Asks: 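Can you keep this structure in mind? I'll have questions shortly.
Being a predicted model, the structure only gives us computed values, none of them experimental.
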Amino acid sequence: MSRFTTSPSLSVVIPLYQEIDNVEPLVTRVQEGLAHYSGAWELICVDDGSRDGTGEQLCAQIARVGEHMRVIRLRRNFGQTAAMQAGFDAARGELIATLDGDLQNDPAEIPRLVDELLARDLDLLQGWRQQRQDGLLLRKIPSRFANALIGKVTGLALHDYGCSLKIYRATVIKEVRLLGEMHRFIPVWMAGVTAPQRIGESVVAHQARQFGVSKYGISRTFRVLLDLLAAFFFLRFGARPGHFFGMIGLSFGGIGAVLMGHLLLVKFALGEDIGHRPLLLIAILLLLAAAQFLTTGVLAELLTRTFYASSDHSHHRIRWQSDPAAAGWMTNHPNVL
């Protein structure tokens with residue numbers, strides 16, 4: 001039982017792909033796990049283009065459990081990130097909980113995590129599978145490497161970025177637009193719209209998969225590296241891309257200028273021929289690359305400013321503000337205003 005008399009409204013979002021055998025036990029466990037939740041809640045299951053009957057099985061569960069369960073069926077398999085975004089868009093709760101549809105996360109932990117998020121005043125509470133029930137070589141070792149690398153590059157140190165059991169404040173996560181395969185880096189993207197201190201983690205149970213097969217393998221480690229580069233760029237330089245390209249351009253240009261200066265000294269001071277030296281070609285290539293990076297930085301700055309000027313997006317995020325309609329004016333002169 002929650003220690004809060006009335007908990008915030010909650011949307012539970014679960015993306016599923018080819019999980020027909022898990023559908024009924026999953027819905028049953030969500031029902032049991034939230035049976036004593038003290039606030040209003042809904043269950044949103046997103047079928048990511050399954051071809052094994054998962055979508056039909058989900059729709060059949062609505063008649064069994066009630067109208068608080070909603071099903072979204074995507075036209076084809078768009079990926080877990082797109083499925084989660086569809087669930088976030090449809091969610092009506094003040095808080096949003098996510099978990100995988102493979103029954104490796106326990107829905108009964110959701111009320112405890114909600115209480116912890118509220119007690120710690122967080123915007124995101126990330127699950128930490130301290131005792132993972134996965135294969136060592138294909139899952140645990142790559143995951144540990146990825147978690148350590150992400151923490152090192154982004155500065156947001158969490159033990160388990162890949163755990164799908166998370167609790168979000170809806171107002172914050174809905175400011176993040178998920179594209180590509182960004183679901184692996186949701187805490188990192190969240191750090192772009194809220195303070196890292198408002199992102200925490202909590203140990204959760206993890207169970208071995210009973211039905212179906214995992215959709216992930218060793219190949220995702222390489223995709224993580226590419227996604228990490230994109231996350232690093234957008235978080236550090238999203239509003240000032242000219243700095244990113246400019247630093248590379250100035251570095252190349254500096255090295256190229258030093259090499260060219262050395263060659264000029266060799267040519268005019270020592271009288272040696274430099275026309276057939278590989279160093280000359282390297283210096284020219286570095287100077288050309290520097291010009292390209294600097295030009296790209298200027299163009300990226302123009303695109304970024306155009307994006308912010310032509311839309312309702314802003315680089316800053318407001319957590320809370322007092323009601324402007326209720327604001328007054330302070331004056332020491334009675335005739336003013």
Asks: Within this structure, what is the CD1-CE distance for the pair Ile14 and Met84, rounded to the nearest 0.5 Å?
Replies: 11.0 Å
Asks: Rounded to the nearest 0.5 Å, what separation is found between the CD1 atom of Ile110 and the OH atom of Tyr37?
Replies: 9.5 Å
Asks: With side chains defined as the heavy atoms from C-beta onward, is the minimum distance between Met69 and Cys45 less than 4.5 Å?
Replies: yes
Asks: Work out which heavy atom in Asp47 is nearest to a heavy atom in Gly55; give both atom names and the distance.
Replies: OD2-CA, 3.3 Å
Asks: Restricting to pairs with a member in residues 253-306, which pass ring pair (Phe, Tyr, Trp, His ring centres under 6.0 Å), not counting sequence neighbours?
Replies: Phe252-Phe293
Asks: Which value, rounded to the nearest 0.5 Å, describes the distance between Leu263 atom CG and Met260 atom CE?
Replies: 6.5 Å
Asks: Applying side-chain contact (heavy atoms from CB on, under 4.5 Å) between Leu99 and each of Cys163, Pro15, Pro107, report the one that passes.
Replies: Pro107
Asks: With a 4.5 Å cut-off on side-chain heavy atoms, are Asp52 and Asp21 touching?
Replies: no
Asks: Could you tell me whether the side chains of Asn77 and Gln18 share a donor-acceptor contact shorter than 3.5 Å?
Replies: no
Asks: Which distance, rounded to the nearest 0.5 Å, do you find between the CH2 of Trp189 and the CD of Glu175?
Replies: 14.5 Å
Asks: Same cluster for Trp128 and Leu113 if Ile/Leu/Val/Met/Phe/Trp/Tyr side chains link at under 4.5 Å?
Replies: no
Asks: Looking only at side-chain N and O atoms, does Ser202 offer a donor or acceptor that is under 3.5 Å from a partner on Arg120?
Replies: no
Asks: What heavy-atom pair brings Ala170 and Gly93 nearest, and what distance separates the two atoms?
Replies: CB-O, 3.2 Å
Asks: Mind checking the CG-CG spacing from Leu264 to Leu270? Nearest 0.5 Å is all I need.
Replies: 12.0 Å
Asks: Okay, side chain of Gln57, backbone of Val23: is any donor-acceptor separation there less than 3.5 Å?
Replies: no
Asks: Is there a donor-acceptor contact under 3.5 Å from the side chain of Ser9 to the main chain of Glu94?
Replies: yes
Asks: Hey, are the side chains of Pro8 and Leu118 touching, using non-hydrogen atoms and a 4.5 Å cut-off?
Replies: yes
Asks: May I ask you to decide if Pro187's main-chain N or O and Gln126's side chain share a donor-acceptor pair within less than 3.5 Å?
Replies: no
Asks: Applying the 4.5 Å side-chain criterion to the ILVMFWY set and letting contacts propagate, would Leu294 and Ile248 be lumped into a single cluster?
Replies: no
Asks: With side-chain contact (heavy atoms from CB on, under 4.5 Å) as the criterion, how do Ile44 and Ile72 come out once you've worked through the C-alpha distance, each side chain's angles and the decisive distance to 0.1 Å?
Replies: CA-CA 7 Å; Ile44 301 174; Ile72 299 173; 3.9 Å; yes
Asks: Set out, in order, the CA-CA distance, both residues' side-chain angles and the distance that settles side-chain contact (heavy atoms from CB on, under 4.5 Å) for Leu16 and Asn22, then state yes or no.
Replies: CA-CA 9 Å; Leu16 300 99; Asn22 285 320; 5.5 Å; no
Asks: Using only atom types and a distance under 3.5 Å, with no angle test, would you say the side chain of Thr54 pairs donor to acceptor with the backbone of Glu19?
Replies: yes
Asks: Between Arg277 and Glu272, is any pair of side-chain heavy atoms under 4.5 Å apart?
Replies: yes
Asks: So which heavy atom on Gly33 is nearest to which on Pro111, and how close?
Replies: O-CG, 3.6 Å
Asks: Would you say Ile20 and Val30 are hydrophobically clustered, going by side-chain heavy atoms of ILVMFWY under 4.5 Å?
Replies: no
Asks: In the structure I gave you, are the side-chain heavy atoms of Gln61 and Val71 within less than 4.5 Å of one another anywhere?
Replies: no
Asks: Evaluate the criterion side-chain contact (heavy atoms from CB on, under 4.5 Å) for residue pair Arg169 and Thr194; output intermediate values, then yes/no.
Replies: CA-CA 11 Å; Arg169 290 190 190 270; Thr194 190; over 6 Å; no
Asks: Whether the side chain of Arg70 engages the backbone of Ala90 through a donor-acceptor N/O pair (distance < 3.5 Å, no angle test) should be reported.
Replies: yes
Asks: Please check: side-chain N/O of Arg198 versus main-chain N/O of Leu124, any donor-acceptor pairing under 3.5 Å?
Replies: no
Asks: Applying a strict under-4.5 Å side-chain criterion to I, L, V, M, F, W and Y, I'd like to know whether Ile96 and Leu178 cluster together.
Replies: yes
Asks: Look up atom CD in Glu56 and atom CZ in Arg73, then write down how far apart they are to the nearest 0.5 Å.
Replies: 4.0 Å
Asks: Determine the minimum heavy-atom distance between Ile199 and Ala191, stating which atoms define it.
Replies: CD1-N, 3.8 Å
Asks: Using a 4.5 Å cut-off on heavy atoms from C-beta on, say whether the side chain of His68 contacts that of Gln31.
Replies: yes
Asks: With a distance cut-off below 6.0 Å to the six-membered ring centre and an angular limit of 45° from the axis, does Arg76 pair with Phe78 as a cation-pi contact?
Replies: yes
Asks: Mind checking whether Leu288 and Leu286 sit in one hydrophobic cluster, side chains of I, L, V, M, F, W, Y counted as touching below 4.5 Å?
Replies: yes
Asks: Measure from the side-chain N and O atoms of Ser38 to the backbone N and O of Ser7, and report whether any donor-acceptor pair falls under 3.5 Å.
Replies: yes
Asks: Please report the closest heavy-atom contact between Lys174 and Phe88, naming both atoms and the distance.
Replies: CE-O, 3.0 Å
Asks: Main chain of Ser164, side chain of Thr98: is a donor-acceptor contact present, judged purely on distance under 3.5 Å?
Replies: yes
Asks: Any salt bridge between Asp160 and Lys166, counting N to O under 4.0 Å?
Replies: no
Asks: Going through the checks in order, is the side-chain contact (heavy atoms from CB on, under 4.5 Å) test met by Asp89 and Arg177?
Replies: CA-CA 10 Å; Asp89 291 342; Arg177 200 69 189 171; 3.1 Å; yes
Asks: A side-chain contact here means heavy atoms from C-beta on lying under 4.5 Å apart; do Asp106 and Val204 qualify?
Replies: no
Asks: Identify whether the distance between the nearest side-chain nitrogen and carboxylate oxygen of Glu32 and Arg29 falls below 4.0 Å.
Replies: no
Asks: State, to 0.1 Å, how close Glu301 and His243 come at their nearest heavy-atom pair, and which atoms those are.
Replies: OE2-N, 4.1 Å
